[in-house]
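Below, read A as the first sequence line, B as the second, and so on, with proteins coming before strands; counting in each chain starts at 1. Source: prediction; values computed, not measured.
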Amino acid sequence: MVVTRFAPSPTGFLHIGGARTAMFNWLFARHHGGKALLRIEDTDKARSTQEAIDAISEGLDWLGLDWDGETVFQSERAARHAKVAHELVASGNAYKCFATSEELTEMREQQRAEKKPMRYDGRWRDRDPSEAPDGAPFAIRLKTEMAGKVTISDMVQGDVSVQNSEIDDFILLRSDGTPTYMLAVVVDDHDMGVTHLIRGDDHLNNAFRQLALIRAMGWPEPLYAHIPLIHGNDGAKLSKRHGALGVEAYRDMGILPDAMFNYLLRLGWGHGDDEIISRAQAIEWFDLSGVGKSPSRFDTKKLQNLNGHYMRDAADNDLVRLATPWIEQDLGQALTAANKELLGQAMPVLKSRAKNLIELAESSLFLFKKRPLGLDERAENLLDDPARTLLKSIHLGLTDLEDWTLEATEEVIKAIAESAELGLGKLAQPMRAALTGSTSSPGIFDVLILLGKEESLGRLADQIEKT
RNA sequence: GGCCCCUUCGUCUAAGGGUUAGGACGCGGCCCUUUCACGGCUGAAAUACGGGUUCGAAUCCCGUAGGGGUCACCA
C-alpha cells in the first residue's frame with residue numbers, strides 16, 4: 001500500500017511550490033490507490049500560526065486536494081519523539097551532548113576561520129556524561145557513521161551518494177527536551193506508515209541524516225522522490241517579490257482551480273505532448289518518472305492562457321456564481337435574481353472573451369449599467385456627428401421591428417448598411433459604443449438581444465439626443 | 001567555501017545512439033470577422049562550452065562555465 005504525506009509548516013500561506021508538492025503527493029497516492037496524509041509541522045511554536053494553518057487548508061481545498069485520515073499535528077507528538085531519542089541513547093546510537101550554544105558558536109567560528117567545513121566535532125561523542133557538571137542541560141545527538149558512504153536511490157534524482165564523513169552528529173532532542181525537525185519527521189513518517197517521501201529537493205541533503213536515524217532505529221526505509229524547486233520568472237528562487245504568493249492570491253486574480261491544477265501539473269512534469277489534462281487523466285497518468293530533474297520557472301502568461309481554456313470549458317452557471325462577487329463589487333450593489341439570469345444568458349458569448357474571472361466580470365458590466373451610460377474615451381471619440389446621424393437611422397429602423405431576434409435585427413442593420421453604402425463595421429461600432437459604452441463587446445446582435453428592445457432603443461436614443 | 005543536484009527555442013516540455021530536434025505558452029505574419037476574443041494556417045526561435053567513446057551523440061564518459069540547493073539546540 002502506497003502512503004504519501006504532505007507536511008507543510010504553518011508559517012505562511014500555501015505557496016506555489018508547496019501546492020505542487022501537495023499535488024504530486026496526492027496524485028501519486030491516488031494513482032496507486034494508496035493513502036495521502038496531511039501533517040502540520042508546527043513544532044516551531046514561535047512561527048506557527050492558526051491563520052497559516054487555515055490558509056494552507058483553504059488553499060488545499062481550493063485546489064481540490066483531499067486527504068485521508070485525521071490531520072496530524074506534529075506538536076502533539078513531542079512526547080513520542082522524545083521517547084525515541086531516549087531509546088536511541090539507551091541503545092548506544094545516540095548520546096548526550098553538554099556543549100553550550102556559545103561553545104558551539106565559537107567552534108563554528110574557528111572552523112570558518114580555518115576554512116574547514118562547519119560541523120559538530122563530536123566533542124561529547126565518547127565522553128562519559130559524568131564528566132559534565134551536575135544538572136547541566138544537554139542535547140541528544142545521533143551517533144552517526146564515520147566511514148564509508150550512503151547512497152539513496154531517489155525516484156527523481158537517481159542514485160545520490162554522500163560520504164558519511166559529511167554527516168555530523170546532529171541534534172535529535174534539544175536541551176529543553178523538545179524534538180528537532182529531523183527527529184520529528186522521521187518518527188512521524190514512520191508512525192504514519194509513509195512509504196514514499198515526495199518533497200522539494202531542498203530536503204535532499206536532509207534525507208541522508210534522516211536515513212541514518214531510520215537505520216539506527218531499525219525501521220523500514222521509505223522511498224524518496226525529491227522534486228526540483230520552482231523558480232520565479234527571472235530564474236531566481238521563488239519569493240514574495242515575484243508576486244508568487246499563496247494560491248489564494250491566484251484565486252483572487254480570478255484563476256480557476258482546475259487551471260492552476262493543470263498548470264502546476266505540467267510544471268516539472270510531462271506526458272508526451274499533452275497540455276490540457278483533466279484530473280481523472282492526471283491520476284491515471286501521473287508517475288514520478290515523468291518528473292524532470294531541473295528547476296522550472298513560474299510563467300504567469302501560460303497560466304492565464306490555460307485559465308482561458310478552462311473558462312471556455314466551464315459551465316455557465318458555475319461562472320455566474322464565481323463572477324458574481326466581482327460584478328457586485330464593481331457595481332457597488334447586489335445582483336438580483338433577474339440580473340443573474342441575464343448573466344447566465346450572456347455567459348456563452350462572454351466567457352470565450354475572458355482569460356480570468358475579473359475580465360469576465362468587467363465584460364459583463366454593460367448588461368447591468370443604468371441609463372444613460374457613461375462612455376469610455378474611445379467610445380466617446382467614435383461617436384462623432386456622422387456616427388450619431390447613423391444611429392438615428394438605426395434607431396428608426398429598429399423601432400418598427402416586432403421580431404426582436406438575432407436574425408431579424410441583423411437583417412435590419414444590414415439593410416441600412418447597404419442603403420447607406422457602408423460596411424457593417426461602420427454601423428456596428430457606433431452601436432457598440434452607444435449600447436455598451438465601450439469599443440469592444442460580444443457580437444453586436446448578441447448585445448441587442450441580451451439588452452432587449454426597450455433598453456437597446458433607449459441606449460441608442462441617449463446618444464442621439466446628445467447631438 | 002565544503003558537499004549535493006541541475007543545464008534542449010525567451011518559458012514549460014518531447015525525443016533515452018540514427019528525427020528536417022516535435023508540441024505548448026509568448027512573439028510576428030496571414031485567414032476568419034461588426035469590435036474584442038476564440039479558432040485555423042504560418043514564421044522566427046534551442047541541444048551552455050570543450051574534449052572524448054562510436055560508423056553515428058541532445059542522448060554515454062570526462063572537464064569547464066553557469067544556475068540551484070544545503071551546511072542551526074529553524075522547519
Side-chain angles (χ1 to χ4, degrees), chain A residues 7-11 41-44 46-48 74 97 99-101 104-105 108 112 115-120 137-141 154 156-158 160-163 165-168 170-176 178-182 184-185 200-208 226 228-229 231 233 235-237 263 266-276 290 292-306 308-309 312 349-355 359 363 378 382 410 413-414 417 423-429 431-433 436 438-445:
Chain A
S9 59
T11 54
E41 309 222 314
D42 55 349
T43 49
D44 187 347
R47 292 197 302 158
S48 301
Q74 197 159 60
C97 169
T100 62
S101 297
L104 294 174
T105 306
R108 270 184 225 104
R112 197 205 326 268
K115 294 198 171 172
K116 284 183 181 169
M118 290 189 285
R119 278 195 281 273
Y120 177 68
F138 60 89
I140 293 180
R141 290 180 183 270
D154 192 279
V156 169
Q157 305 288 337
V160 183
S161 301
V162 151
Q163 296 297 321
S165 57
E166 295 292 328
I167 302 167
D168 65 2
F170 58 94
I171 292 179
L172 265 20
L173 206 63
R174 300 187 188 99
S175 52
D176 65 0
T178 61
T180 61
Y181 162 79
M182 217 61 81
V185 172
D201 69 7
D202 50 340
H203 286 289
L204 183 55
N205 290 285
N206 288 336
F208 293 95
H226 288 93
L229 266 16
H231 291 184
N233 277 311
K237 197 177 173 180
Y263 177 73
R266 282 284 292 103
L267 196 60
W269 179 84
H271 185 270
D273 283 343
D274 296 304
E275 296 286 347
I276 306 294
K293 296 170 83 170
S294 55
S296 42
R297 302 183 187 198
F298 192 81
D299 181 6
T300 313
K301 287 270 180 57
K302 189 152 185 172
L303 209 209
Q304 289 286 339
N305 173 276
L306 220 36
H309 176 90
R312 293 190 288 282
V349 296
L350 290 177
K351 68 181 179 184
S352 70
R353 293 173 162 76
K355 283 200 296 294
E359 284 182 15
S363 73
R378 281 202 226 159
L382 200 130
E410 181 165 354
I413 302 303
K414 280 197 170 155
L424 193 49
K426 287 290 180 194
L427 308 209
Q429 276 310 81
M431 284 174 74
R432 196 182 316 278
T436 71
S438 158
T439 51
S440 72
S441 80
I444 199 62
F445 304 111

With Leu173(A) as reference, evaluate Thr178(A), Thr180(A), Ile140(A) under the side-chain contact (heavy atoms from CB on, under 4.5 Å) test and give the passing residue.
->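 Going through the options one by one, the only one that passes is Ile140(A).
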Classify [X] by what it touches in the nucleic acid, base, sugar-phosphate, or nothing, heavy-atom distance under 4.0 Å.
X: Ser438(A); value: nothing
X: Glu275(A); value: base
X: Ser161(A); value: sugar-phosphate

Taking for each residue the nucleotide of RNA chain B with the nearest heavy atom, is it Asp202(A) or Val162(A) whose nucleotide lies nearer the 5' end?
->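 Nearest-nucleotide comparison on RNA chain B picks Val162(A).
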Gln163(A): side chain to side chain donor-acceptor pair (under 3.5 Å) partners, not counting sequence neighbours |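 Gln163(A) satisfies side chain to side chain donor-acceptor pair (under 3.5 Å) with no other residue.
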Who pairs with Asp154(A) by side chain to side chain donor-acceptor pair (under 3.5 Å), at least two apart in sequence or on another chain?
->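 Asp154(A) satisfies side chain to side chain donor-acceptor pair (under 3.5 Å) with His226(A) once adjacent residues are dropped.
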Send over the distance from [X] [atom1] to [N] [atom2], rounded to a whole Å.
X: His203(A); N: C3(B); atom1: NE2; atom2: C1'; answer: 18 Å
X: Gln163(A); N: G2(B); atom1: CD; atom2: P; answer: 16 Å
X: His271(A); N: A24(B); atom1: NE2; atom2: C1'; answer: 16 Å

Pair assignment for U7(B), Watson-Crick or G-U wobble, requiring both distances under 3.5 Å =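 Pairing partner: A65(B).
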Syn/anti state for C38(B) [syn: chi within 90° of 0] =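 What C38(B) shows is a syn base, its glycosidic angle lying within 90° of 0.
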Enclosure of Lys351(A) NZ (heavy-atom neighbours >12, cutoff 6.0 Å) |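 Atom NZ in Lys351(A) is crowded, with more than 12 foreign heavy atoms closer than 6.0 Å.
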Check nucleotides 25-29 of chain B for protein N or O atoms closer than 3.5 Å to its own N or O atoms and list the pairs.
residue	atom	partner	partner atom	Å
C25(B)	O3'	Asn305(A)	ND2	3.3
C25(B)	O2'	Lys302(A)	N	3.3

Report the nucleotide, chosen from C6(B), G23(B), U70(B), that has the shortest atom-to-atom distance to any side-chain atom of Asn205(A).
->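 Nearest listed nucleotide: U70(B).
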Look at the side chain of Arg266(A) and decide which nucleotide, out of C6(B), C12(B), G69(B), has an atom nearest to it.
->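 So the side chain of Arg266(A) is nearest to C12(B).
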Expressed in whole Å, how much space separates the [atom1] atoms belonging to [N] and [M]?
N: G51(B); M: U59(B); atom1: P; answer: 14 Å
N: G18(B); M: A57(B); atom1: C1'; answer: 10 Å
N: C61(B); M: G23(B); atom1: P; answer: 29 Å
N: C73(B); M: A65(B); atom1: C1'; answer: 39 Å
N: U33(B); M: G39(B); atom1: C1'; answer: 11 Å

side-chain N/O Thr43(A) vs A75(B) OP1/OP2, d < 4.0 Å |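 It does, given that an N or O in the side chain of Thr43(A) lies less than 4.0 Å from OP1 or OP2 of A75(B).
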For U13(B), does OP1 or OP2 lie under 4.0 Å from any side-chain N or O of Ser296(A)?
->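 For U13(B), OP1/OP2 do have a side-chain N/O of Ser296(A) under 4.0 Å.
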Encode nucleotides 32-37 of chain B as B, S and - characters from 5' to 3', where the letter depends on protein heavy atoms closer than 4.0 Å: B to the base, S only to sugar-phosphate, - to neither.
-> --BBBS
Scoring nucleotides 42-49 of chain B by protein non-hydrogen atoms under 4.0 Å (B base, S sugar-phosphate only, - none) yields --------
Report yes if some heavy atom in the side chain of Ser9(A) is under 4.5 Å from a heavy atom in the side chain of Tyr181(A); otherwise report no.
->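 Sidechains of Tyr181(A) and Ser9(A): no contact.
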Check against side-chain hydrogen bond (donor to acceptor under 3.5 Å, both in side chains), Arg312(A) and Ser352(A) | CA-CA 5 Å; Arg312(A) 293 190 288 282; Ser352(A) 70; over 6 Å; no
Should the pair Arg141(A) and Phe170(A) be classed as cation-pi, given the thresholds of under 6.0 Å to the six-membered ring centre and 45° from the axis?
->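 Because its charged atom misses either the 6.0 Å distance or the 45° angle limit, Arg141(A) does not stack over Phe170(A).
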Is a donor-acceptor contact shorter than 3.5 angstrom present between the side chain of Asp201(A) and the base of G69(B)?
->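 Between G69(B) and Asp201(A), which were checked side chain against base, a qualifying N/O pair under 3.5 Å is absent.
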Any donor-acceptor N or O pair under 3.5 Å, side chains Ser363(A), Arg353(A) =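 There is no such pair between these side chains.
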Is it true that a side-chain atom of Asp42(A) and a backbone atom of Gln74(A) form a donor plus acceptor pair closer than 3.5 Å?
->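 Such a contact is found between Asp42(A) side chain and Gln74(A) backbone.
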Any donor-acceptor pair under 3.5 Å linking the side chain of Ser438(A) with the backbone of Ser440(A)?
->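 Side chain of Ser438(A) to backbone of Ser440(A), a donor-acceptor pair under 3.5 Å: yes, one is there.
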Could you list all N or O pairs between the protein and nucleotides 71-73 of chain B that sit under 3.5 Å apart?
residue	atom	partner	partner atom	Å
C71(B)	O2'	Met118(A)	O	3.4
C73(B)	OP1	Arg108(A)	NH2	3.1
C73(B)	OP2	Arg108(A)	NH2	3.1
C73(B)	O2	Ser175(A)	N	2.9
C73(B)	O2	Ser175(A)	OG	3.0
C73(B)	N3	Ser175(A)	OG	3.0
C73(B)	N4	Ala99(A)	O	2.7

